[in-house]
Amino acid sequence: MEQQIEKIHLIGLGLIGGSIALAVKQEFPDVKIVGYDINQSQAEIAKTLTVIDEIAPNQFGGIETADLIILATPVEQTLSIISELSSQHLKESVIITDVGSTKQKISKYAASVFGDGVQFIGGHPMAGSHKSGVIAAKAHLFENAFYILTPTVHTSHASLRILQNVLKGTKAQFVEMTPAEHDEVTGVISHFPHIVAASLVHQAGRFEDSHPVIKRLAAGGFRDITRIASSSPAMWRDILIHNKDKLLALFDDWQYEMNRVRELVDGLNGDALFSYFQEAKDFRDGLPEREKGAIPSFYDLYVDVPDYPGVISEITGYLAMEEISITNIRIIETREEIYGVLRLSFQTDVDRERAQKCIEKYTDYKTFFS
Ligand SMILES: NC(=O)C1=CN([C@@H]2O[C@H](COP(=O)(O)OP(=O)(O)OC[C@H]3O[C@@H](n4cnc5c(N)ncnc54)[C@H](O)[C@@H]3O)[C@@H](O)[C@H]2O)C=CC1
Ligand SMILES: O=C(O)C(=O)Cc1ccc(O)cc1
């Protein structure tokens with residue numbers, strides 16, 4: 001009979017750790033999840049929100065009875081925890097997995113520490129957000145997303161099956177890859193784009209002194225392309241450090257790309273510029289829409305609202321009338337003290353679209369997605 005997972009020890013109770021715990025609980029309510037976070041307040045929030053059943057007394061408290069250990073910390077921390085885990089007393093049948101955005105360093109290090117002795121299976125759920133913390137965790141964060149697993153020669157088929165089974169509440173699609181391929185692909189579609197997003201923000205920042213209006217004008221496309229620059233700096237620092245070699249190659253590739261388009265602009269080569277954008281559009285438009293990739297899974301709707309008392313209750317009142325549930329609400333910006341931007345978050349895309357139609361039906365307020 002296949003081994004049952006009855007107890008999980010989860011280290012790192014943030015967006016990803018919390019979302020995995022919620023997804024596991026949804027499918028297996030009887031699995032006991034004991035959680036630890038270096039930040040005690042995150043652990044307490046996780047317990048209050050019933051994301052976990054119990055707070056571990058310390059990082060490894062009670063770990064000797066865990067059937068599954070999940071490491072959901074920033075990737076540099078994951079390396080240190082693996083190192084410390086190697087001297088802990090663990091169940092013989094324990095499976096250890098992580099959720100880090102890089103896989104090569106972690107898999108290599110885990111193999112060197114655990115060898116054939118402990119089943120370590122690297123993992124990376126390919127969905128998330130620029131938001132951090134357990135408060136943003138959601139059971140369906142990974143629904144339809146790819147969940148990459150990087151088994152090695154040390155991995156048994158049975159452990160892989162058990163891990164996929166306990167994670168089935170994520171409703172993600174499991175894909176197996178080598179750690180090297182993982183880091184190359186995520187370097188191109190996730191890590192390097194983060195660098196570009198942050199660099200565009202820096203570039204705009206440099207112009208702010210000479211053009212103070214720049215912040216207020218930086219809407220629309222600039223907001224879209226730079227959204228991910230609002231992600232956790234600690235998390236991204238670690239990812240870049242881990243994937244240095246692949247990223248250095250991508251810097252060279254990007255510089256080649258920039259030079260190519262620079263020459264077209266310099267030469268006022270309209271036809272070639274048209275083709276440049278057309279080809280990019282064709283590729284972008286051809287990306288599959290059904291699956292979630294490294295895309296936002298928070299369904300936010302922004303509403304430009306006049307800055308007067310009562311406007312929030314007015315809008316929430318219309319949504320309540322049509323029985324549309326909001327998961328979060330926040331005023332994120334006031335403009336010239338006349339207008340504010342209200343951010344409403346929903347569980348699903350369908351709710352967000354219904355909310356947009358509802359607000360447009362009852363008001364003249366302008367609504368937009370991120
Ligand atoms: N944010 C995202 O969209 C995605 C992140 N990931 C990966 O998931 C991991 C976690 O990221 P998030 O949940 O987004 O970050 P987060 O910042 O929401 O949560 C990380 C948690 O780990 C805790 N932590 C840090 N060091 C610790 C330690 N030594 N012991 C115990 N807890 C510790 C922090 O206090 C924090 O609560 C990272 O490795 C990241 O690369 C993977 C997929 C998507
Ligand atoms: O916010 C976004 O769109 C992201 O890019 C989320 C994300 C961050 C890190 C990952 O390893 C995977 C997905």
Side-chain angles (χ1 to χ4, degrees), residues 9-23 34-47 49 51-52 55-56 58-61 63 69-85 97-103 105-106 122-138 141-142 145-150 170 172 182-183 185-198 223-243 291-300 370:
H9 191 91
L10 170 61
I11 303 182
L13 305 173
L15 170 74
I16 302 299
S19 300
I20 293 208
L22 288 169
V34 178
Y36 172 79
D37 198 289
I38 203 164
N39 179 345
Q40 180 65 14
S41 72
Q42 283 295 297
E44 278 159 16
I45 298 170
K47 171 83 172 67
L49 296 176
V51 169
I52 56 169
I55 301 178
N58 53 57
Q59 181 145 260
F60 300 126
I63 206 161
I69 300 169
I70 303 177
L71 310 179
T73 52
V75 289
E76 275 289 284
Q77 295 293 321
T78 302
L79 287 183
S80 330
I81 296 170
I82 289 173
S83 162
E84 292 171 56
L85 265 178
T97 190
D98 79 306
V99 300
S101 304
T102 56
K103 291 276 70 75
K105 264 196 166 190
I106 290 173
H124 180 195
M126 286 289 296
S129 161
H130 53 282
K131 302 183 187 183
S132 303
V134 71
I135 198 85
K138 299 187 307 185
L141 183 63
F142 310 114
F146 288 109
Y147 196 130
I148 299 174
L149 294 172
T150 56
T170 58
H182 169 277
D183 285 8
V185 172
T186 53
V188 176
I189 54 134
S190 177
H191 308 168
F192 199 77
H194 261 84
I195 299 173
V196 173
R223 272 195 105 90
D224 288 352
I225 197 173
T226 57
R227 177 187 59 82
I228 50 183
S230 291
S231 309
S232 157
M235 176 178 125
W236 283 99
R237 173 199 59 205
D238 287 9
I239 293 172
L240 265 51
I241 289 172
H242 272 220
N243 209 11
E291 293 112 345
K292 274 193 222 160
I295 53 165
S297 351
F298 288 85
Y299 301 101
D300 291 342
S370 156

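Along the sequence shown, residues carry numbers from 1. First listed ligand is number 1; within each ligand, the first listed atom is number 1.
Per-residue contacts place His130 under 4.0 angstrom from the following atoms of ligand 2 (heavy atoms of the residue considered): 1 (O). The atoms of ligand 2 that sit less than 4.0 Å from any heavy atom of Ile228 are 1 (O), 2 (C), 3 (O). Residue Val75 approaches ligand 1 through these ligand atoms, each under 4.0 Å from one of its heavy atoms: 39 (O). Under a 4.0 Å criterion applied to the non-hydrogen atoms of His124, ligand 2 contributes the atoms 10 (C), 11 (O), 12 (C). Per-residue contacts place Arg227 under 4.0 angstrom from the following atoms of ligand 2 (heavy atoms of the residue considered): 1 (O), 2 (C), 3 (O). Atom numbering of ligand 1 starts at 1 in the shown order; those under 4.0 Å from a heavy atom of Ile11 are 30 (N), 31 (C). Residue-ligand proximity, Ser129 to ligand 2, at heavy-atom distances under 4.0 Å covers atoms 1 (O), 6 (C). Below 4.0 Å from some heavy atom of Ala72 lie the following atoms of ligand 1, by number and element: 10 (C), 20 (C), 22 (O). The distance from ligand 1 to the heavy atoms of Gln42 drops below 4.0 Å at these ligand atoms: 37 (O). Counting atoms of ligand 2 from 1 in the listed order, those under 4.0 Å from a heavy atom of His194 are 5 (O). Close approach of ligand 1 to Ala127 is summarised as follows: ligand atoms under 4.0 Å from at least one heavy atom of the residue are 43 (C), 44 (C). Which parts of ligand 1 touch Gly100 is read off a 4.0 Å heavy-atom cut-off, strictly below it: atoms 39 (O). If you number the atoms of ligand 1 from 1 as listed, the ones under 4.0 Å from a heavy atom of Tyr36 come out as 30 (N), 31 (C). The distance from ligand 1 to the heavy atoms of Asn39 drops below 4.0 Å at these ligand atoms: 35 (O).
Looking at Ser101 next to ligand 2, an N or O pair under 3.5 Å apart turns up. Considering backbone and side-chain N/O of His124, none are found under 3.5 Å from N/O of ligand 1. Considering backbone and side-chain atoms together, Lys131 places no N or O closer than 3.5 Å to any N or O of ligand 1. Looking at Ser190 next to ligand 2, no N or O pair under 3.5 Å apart turns up.
Evaluation of the side-chain contact (heavy atoms from CB on, under 4.5 Å) rule for His194 yields Ile228, Ser231, Trp236 as partners, not counting sequence neighbours. Ile38 is linked by a side-chain contact (heavy atoms from CB on, under 4.5 Å) to Tyr36, counting only residues two or more places apart in sequence or in another chain.
Looking only at protein heavy atoms, the nearest one to atom 29 (N) of ligand 1 is Gln77 OE1, 2.9 Å. Here the protein heavy atom with the shortest distance to atom 41 (O) of ligand 1 is Ser101 OG, 2.6 Å. Protein heavy atom closest to atom 30 (N) of ligand 1, with residue, atom name and distance, is Gln59 OE1, 3.1 Å. In terms of protein heavy-atom proximity, atom 37 (O) of ligand 1 is closest to Asp37 OD2, 2.6 Å. In terms of protein heavy-atom proximity, atom 3 (O) of ligand 1 is closest to Ser129 N, 2.9 Å. Nearest protein neighbour of atom 38 (C) of ligand 1, counting heavy atoms only, is Thr73 O, 3.3 Å. Among all protein heavy atoms, the one lying closest to atom 18 (O) of ligand 1 is Gly133 N, 2.7 Å. The protein non-hydrogen atom at the shortest distance from atom 11 (O) of ligand 1 is Met235 SD, 3.8 Å.
The backbone N or O of Lys138 lies less than 3.5 Å from a partner atom in the side chain of Ser19, making a donor-acceptor pair. Although no hydrogens or angles enter the test, the distance criterion places a donor-acceptor pair under 3.5 Å between the side chain of Asn58 and the main chain of Gly61. With hydrogens and angles disregarded, no donor-acceptor distance shorter than 3.5 Å links the side chain of Gln42 to the backbone of Gly14. A donor-acceptor pair is defined here as one N or O able to donate and one able to accept, closer than 3.5 Å; such a pair exists between the side chain of Asp37 and the backbone of Leu13. Side chain of His191 to backbone of Ser101: a donor-acceptor contact under 3.5 angstrom is found. Thr226 places no side-chain N or O within 3.5 Å of a backbone atom of Ala229 that could act as its donor or acceptor partner. One N or O on the side chain of Asn243 and one on the backbone of Asp183 form a donor-acceptor pair closer than 3.5 Å.
The residue from Gly128, Pro125, Gly100 that puts a heavy atom closest to atom 7 (C) of ligand 2 is Gly128. The option from Ile38, Val99, Asp98 that lies nearest to atom 32 (N) of ligand 1, judged by heavy atoms, is Ile38. In this structure, of Thr78, Leu10, Ile16, the residue bringing a heavy atom nearest to atom 12 (P) of ligand 1 is Ile16.
Using a non-hydrogen distance threshold of 4.0 Å, Ser232 does not register as a contact of ligand 1. Under a 4.0 angstrom heavy-atom cut-off, Trp236 registers as being in contact with ligand 2. Proximity of Ser231 to ligand 1 is not established, as no heavy-atom distance is less than 4.0 Å.
In this structure the side chain of Ile63 reaches within 4.5 angstrom of the side chain of Ile69, judged on heavy atoms. A 4.5 Å side-chain heavy-atom check between Val99 and His124 finds every atom pair outside the cut-off.
Leu10 and Ala72 get closest at one heavy-atom pair: CD1-CB, 4.2 Å. What you find for Thr97 and Gly123 is that their closest heavy atoms are OG1-N, 4.0 Å. A pairwise comparison of heavy atoms in Leu79 and Ile106 identifies CD2-CA, 3.9 Å as the closest pair.
If you look at Pro74 next to ligand 1, the close heavy atoms, those under 4.0 Å, come from the backbone and the side chain alike.
For CD1 of Ile225, the number of neighbouring non-hydrogen atoms (other residues, nucleotides, ligands) closer than 6.0 Å is 12 at most.
A donor atom on one side chain and an acceptor atom on the other are found under 3.5 Å apart for His242 and Thr102.
For Lys131 and Asp300, the salt-bridge test passes: some basic side-chain N is under 4.0 Å from an acidic carboxylate O. At a threshold of 4.0 Å, the pair Lys103-Asp98 counts as salt-bridged, since one of the basic side-chain nitrogens sits closer than that to a carboxylate oxygen.
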Review point. How far apart are the C-alpha atoms of Thr78 and Thr73, what are their side-chain angles, what is the distance that settles it, and do they pass the side chain to side chain donor-acceptor pair (under 3.5 Å) test?
Key: CA-CA 6 Å; Thr78 302; Thr73 52; 2.9 Å; yes

